[in-house]
Asker: 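Here's a structure for you.
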Protein chains: 2
Amino acid sequence: MNLTDKQRALIERIGVFMEKSGMQPAAGRIMGLLYVSDKPELTFDEIREVLGISKSATSNALSMLQHLNRLEYITYSGDRKRYFRLKLDKWRDLVMQGVESITDFSETLHEVVAERTSETKEYNQNLLEVADFLKYLHQELPKLLTAWEQQKK
Amino acid sequence: MNLTDKQRALIERIGVFMEKSGMQPAAGRIMGLLYVSDKPELTFDEIREVLGISKSATSNALSMLQHLNRLEYITYSGDRKRYFRLKLDKWRDLVMQGVESITDFSETLHEVVAERTSETKEYNQNLLEVADFLKYLHQELPKLLTAWEQQKK
DNA sequence: CTTTTAGTTCCTAATTTTGAGAACCAAAAT
DNA sequence: ATTTTGGTTCTCAAAATTAGGAACTAAAAG
């Protein structure tokens, strides 16, 4: 498989974007490749080869991405290779996962306020405000998702 | 200034949370400290001392946090020290900043689809779906924010 | 003008992250 | 039973991140 310059550039751009949100470089490139590749299902060796990375880097990145729920593989009977692909159709779950994590932070904020002096009234108020909005988001985002599904039709 | 064990634990927890979203350790701890500290405005040296980090680490982390718009400092006339504090009241801007960044990604996705083969119809459809939802989010989140402001009253 | 204060920058060391290469392993093919 | 395939794991080195300490700077104080 060979890629155009434009494709390579897109892969890098997506890779860097992923890195910024805490993903390791190789994993980001794999994500990018799977977004861009004309074949959306690639084997271990195709990935390794086209990105020019080692087996270990490939293996580690792939298993991390699977744990993060971004990737899965399928197999075809009579073929031992795994075909890796993005779990694109599950992006709704990922959105919800993200919301959960900020909701965790909201709970931490409540703990913080519980531990704070009551002297700093305005400050505490601000903290609770943030926490409350995060909780609101948690509650409203699913609705937003269904509203979007509706208007899409 | 001395902190309780609970406070220290909260600082670490917040620190780790921040690290996960790509922040450097010292910066995460400083954020944590400012959330937790009874005094919400701390000087350079107070921060350095209570966290037990060097001047350079403190200086670098503080300036990074200021660039990320998480922090600011104020001064008092007749006092040369800077008093650093969280830009807590500006959290709405931060939310919007986050939305902007996912909107950037949405545009990248459009470029990706433009570059893709038209063979993989369903795949391309999925990509556009994600891109479209991100754009929808960009449009709706401000409204959600004002709706929240309303119901708060 | 000299000293002190508050913070920054430079240089370097320690730690962490990342990934290559080889050895390894299990399942399938021969 | 042996070999091949597809992938994992281990060890180690390279590269990047992080932070300590000393030197430095600008402004204020004396």
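Quick note on labels: first sequence line is chain A, next is B, and so on, each numbered from 1.
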Asker: Of all nucleotides in DNA chain C with an atom under 4.0 Å from a non-hydrogen atom of chain B, which is the first and which the last going 5' to 3'?
Answerer: C:dT4 to C:dC10

Asker: Rounded to the nearest angstrom, tell me the gap between atom CD in B:Q24 and atom C1' in D:dA19.
Answerer: 9 Å

Asker: Roughly, in whole Å, what's the span from CE in B:M23 to P in D:dT17?
Answerer: 16 Å

Asker: A:E49 CD to D:dG6 P: how many Å, rounded?
Answerer: 12 Å

Asker: Nearest whole angstrom, please: distance from the C1' of D:dG6 to the OH of A:Y83.
Answerer: 11 Å

Asker: Looking only at heavy atoms, what is the nearest atom pair of B:I53 and B:A26, with distance?
Answerer: CD1-CB, 4.5 Å

Asker: Are there any protein N/O atoms within less than 3.5 Å of an N/O atom in nucleotides 25-30 of chain D, and if so, which ones and at what distance?
Answerer:
residue : atom : partner : partner atom : Å
D:dA27  : N3   : B:R80   : NH2          : 3.0

Asker: Cluster partners of B:I74, using ILVMFWY side-chain heavy atoms under 4.5 angstrom, listed by chain and number?
Answerer: B:Y76, B:Y83

Asker: Counting C-beta onward and ignoring hydrogens, is there a side-chain heavy-atom pair between A:I47 and A:L33 closer than 4.5 Å?
Answerer: yes

Asker: Only counting residues at least two apart or in another chain, list the ones meeting salt bridge (charged side-chain N to carboxylate O under 4.0 Å, His left out) with A:K143.
Answerer: A:E140

Asker: Suppose the criterion is side chain to side chain donor-acceptor pair (under 3.5 Å): which pairs have a residue in residues 58-67 of chain A, not counting sequence neighbours?
Answerer: none

Asker: Can you list, by chain and residue number, the hydrophobic cluster partners of A:V16 when the side-chain cut-off is 4.5 Å?
Answerer: none

Asker: List in chain and number order the residues that pass ring pair (Phe, Tyr, Trp, His ring centres under 6.0 Å) with A:F44, two or more places apart in sequence or in another chain; answer none if no residue qualifies.
Answerer: none

Asker: Thinking salt bridges, do B:R116 and B:E111 make one under a 4.0 Å N-O criterion?
Answerer: no

Asker: Looking at residues at least two apart in the chain, or sitting in another chain, which of them share a salt bridge (charged side-chain N to carboxylate O under 4.0 Å, His left out) with A:E72?
Answerer: A:R85

Asker: Relative to the ring of A:W91, is the ring of A:W148 parallel (under 30°), tilted (30 to 60°) or perpendicular (over 60°)?
Answerer: perpendicular

Asker: Report the residues that fulfil ring pair (Phe, Tyr, Trp, His ring centres under 6.0 Å) with B:F84, sequence neighbours left out, ordered by chain and then residue number.
Answerer: B:Y73

Asker: Between the side chains of B:E46 and B:K81, is the shortest nitrogen-to-carboxylate-oxygen separation below 4.0 Å, so that they form an ion pair?
Answerer: no

Asker: At under 4.0 Å between heavy atoms, which parts of nucleotides 8-16 of chain D does protein reach? Answer with one letter per nucleotide, 5' to 3': B base, S sugar-phosphate only, - none.
Answerer: BBB------

Asker: Short of 4.0 Å, heavy atom to strand atom, which residues of residues 25-42 of chain A count as contacting DNA chain C?
Answerer: A:P25, A:A26

Asker: Taking only residues two or more places apart in sequence, or in another chain, which ones meet B:R82 in a side chain to side chain donor-acceptor pair (under 3.5 Å)?
Answerer: none

